[in-house]
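Report on one structure; see the data block that follows.
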There are 2 protein chains.
Amino acid sequence: MPKRVDHEERRSQIAEALVRVAGRRGLHAVGMRDVAAEAGVSLRLVQYYFGTKEKLLLYGLRHLTDRFTARVGARLRAEDRDPGPRATAEALLLTSLPADEESRIFHLLYTSYAILSVTDEALAAQPFIDSPDAAEDALTGLLRRAQEAGLADPGVDARTEAIGLLAMAAGMGTSILVGQRRPESAAEVLRHHLDRVFTSPTP
Amino acid sequence: MPKRVDHEERRSQIAEALVRVAGRRGLHAVGMRDVAAEAGVSLRLVQYYFGTKEKLLLYGLRHLTDRFTARVGARLRAEDRDPGPRATAEALLLTSLPADEESRIFHLLYTSYAILSVTDEALAAQPFIDSPDAAEDALTGLLRRAQEAGLADPGVDARTEAIGLLAMAAGMGTSILVGQRRPESAAEVLRHHLDRVFTSPTP
DNA sequence: AGCATGGTGGTACGGTCGTATTACGAAGGA
DNA sequence: TCCTTCGTAATACGACCGTACCACCATGCT
């Protein structure tokens with residue numbers, strides 16, 4: 001056998017090229033030739049490692065979500081010593097706002113994929129549900145534990161609150177993306193709503 | 001001069017064909033031939049009335065937002081005698097959820113346009129900001145008046161609350177669109193958050 | 001040493017898309 | 001009456017896209 005190249009690594013390289021060019025020109029506008037050029041390989045190679053464009057797009061979506069969940073996870077783990085539910089929830093929500101270029105691209109492409117999945121059944125079968133559900137569970141757990149510790153308003157339903165906060169963050173994420181709102185403004189709104197549900201510890 | 005046809009009406013007919021076919025197959029997948037076929041006219045006619053595809057898309061966006069603001073306005077005006085700020089706010093937020101087919105299509109296409117506007121500068125110049133800002137002002141005013149009337153928690157900032165509620169509704173709208181959440185569930189979450197800010201009139 | 005095989009490149013093919021071109025009927029003003 | 005102009009049609013053109021096909025290395029087993 002010849003060179004024996006790591007297929008998974010090659011696929012990752014090409015997928016990142018896809019993310020870059022799609023972040024620049026929009027997911028709808030990327031062709032296989034663009035991806036190949038951005039990755040510095042020939043068109044034939046993209047075909048070789050992915051076969052069809054649909055498979056390339058599906059792989060790109062998984063690559064994107066993987067990278068982002070890893071990023072959020074790292075951000076959460078970066079807090080030395082558990083800083084309490086409020087700070088954790090705040091980090092969880094604020095990290096998912098499109099503040100820097102990387103998360104801007106993530107939001108843009110994730111939303112593009114989501115919209116595409118409405119009319120494309122191959123995309124609809126992909127794990128669009130998993131990541132949001134995980135975030136919802138995590139935030140709900142955070143709120144529950146805060147309530148039990150007397151750090152959060154016990155009068156609210158934790159899951160309803162979590163759903164609302166996540167939807168709020170997602171909605172403002174889109175607003176930021178289209179230039180309607182600045183990231184700091186969105187963060188302020190989120191913190192304001194967190195202040196409401198997280199009460200200061202009353203003895 | 002010959003037949004003298006109403007250009008604006010023709011454009012509306014074609015734009016509605018665009019909305020229909022884009023709602024079925026996705027905005028990215030619609031071509032001028034599809035629109036022509038859906039409208040029952042020749043490709044040449046679409047060219048004749050719009051010239052270029054970009055102009056067709058821009059007109060389609062305006063048509064879409066016009067129809068929807070008219071719809072929401074009608075829904076609000078349908079309440080005989082002002083039913084109070086709480087019911088008005090609830091109607092404003094719930095009407096914008098993609099519950100029936102028409103608003104499903106509206107959300108799908110509006111979000112598609114928004115995403116496109118991130119990478120397409122011709123679309124970015126369109127009035128994406130106006131409608132959301134109007135809704136924000138309306139809801140803020142509603143909350144302020146409710147606070148002054150003692151019907152809403154005076155401790156919250158009306159605009160921050162309005163921004164949060166609208167972002168929440170938009171975020172859950174997308175969730176509904178991709179099948180992650182059911183419309184009734186989203187409505188329940190919204191009502192729950194409205195219950196929080198609208199206090200029962202305490203004498 | 002030789003050859004089967006994995007990786008790579010170039011390029012051609014069929015289809016579709018947006019746009020441009022050309023043509024023609026029909027109606028009202030001179 | 002004729003002719004200018006509006007509306008409508010059919011079709012051609014050039015570009016691009018995804019995919020398929022063919023050719024060429026380079027390597028490692030037998």
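In what follows, chains carry the letters A, B, and so on, assigned in the order in which the sequence lines appear, proteins first and then strands, with residues in each chain numbered from 1.
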Query raised in the report: Say you draw a straight line from CG of Leu108(A) to CD of Glu101(A); how long is it, rounded to the nearest 0.5 Å?
Result: 9.5 Å
Query raised in the report: Quick one: Lys55(B) NZ to dG18(C) P, roughly how many Å, whole number?
Result: 15 Å
Query - Test ring-ring contact (aromatic ring centres under 6.0 Å, His included) applied to Phe106(A) - qualifying residues, sequence neighbours left out - result: Phe68(A), Tyr110(A)
Query raised in the report: So what does Tyr49(B) hit on the nucleic acid, given a heavy-atom distance under 4.0 Å: a base, only sugar-phosphate, or nothing?
Result: sugar-phosphate
Report summary line: Taken to the nearest whole Å, CG/Leu45(B) to C1'/dT19(C) is 15 Å
Using residues 145-157 of chain B as the side-chain source, report each donor-acceptor pair under 3.5 Å to any protein atom, sequence neighbours left out, with the distance given to one decimal.
{"from": "Gln147(B)", "atom 1": "NE2", "to": "Asp153(B)", "atom 2": "O", "distance (Å)": "3.0"}
{"from": "Gln147(B)", "atom 1": "NE2", "to": "Val156(B)", "atom 2": "O", "distance (Å)": "2.8"}
{"from": "Asp153(B)", "atom 1": "OD1", "to": "Gly155(B)", "atom 2": "N", "distance (Å)": "2.8"}
{"from": "Asp157(B)", "atom 1": "OD2", "to": "Thr160(B)", "atom 2": "N", "distance (Å)": "3.1"}
{"from": "Asp157(B)", "atom 1": "OD2", "to": "Thr160(B)", "atom 2": "OG1", "distance (Å)": "2.6"}

Query raised in the report: Can you check whether Tyr48(B) has a side-chain N or O nearer than 4.0 Å to OP1 or OP2 of dG7(D)?
Result: yes
**Report entry** Where protein sits on nucleotides 12-25 of chain D, one letter per nucleotide: B base, S sugar-phosphate only, - none, heavy atoms under 4.0 Å
**Finding:** B----BBBBB----
Query raised in the report: Any sub-3.5 Å donor-acceptor pair from Tyr113(B)'s side-chain atoms to Leu57(B)'s backbone N or O?
Result: yes
Report summary line: Separation of dG7(C) atom C1' from Arg11(A) atom CZ, nearest Å, is 13 Å
Query raised in the report: Salt bridge check: are Arg181(B) and Glu136(A) linked by an N-O gap of less than 4.0 Å?
Result: yes
Query raised in the report: Taking CD from Glu9(B) and C1' from dG7(D), how many angstroms apart are they, rounded to a whole number?
Result: 15 Å
Report task. Give a yes/no on whether any side-chain N or O of His7(A) is located under 4.0 angstrom from OP1 or OP2 of dG7(C). Result -> yes
Query raised in the report: Run the side-chain contact (heavy atoms from CB on, under 4.5 Å) check on Glu90(B) and Leu190(B) step by step: do they pass?
Result: CA-CA 8 Å; Glu90(B) 187 170 322; Leu190(B) 276 177; over 6 Å; no
Report task. Send over the distance from Glu8(A) CD to dG7(C) P, rounded to a whole Å. Result -> 13 Å
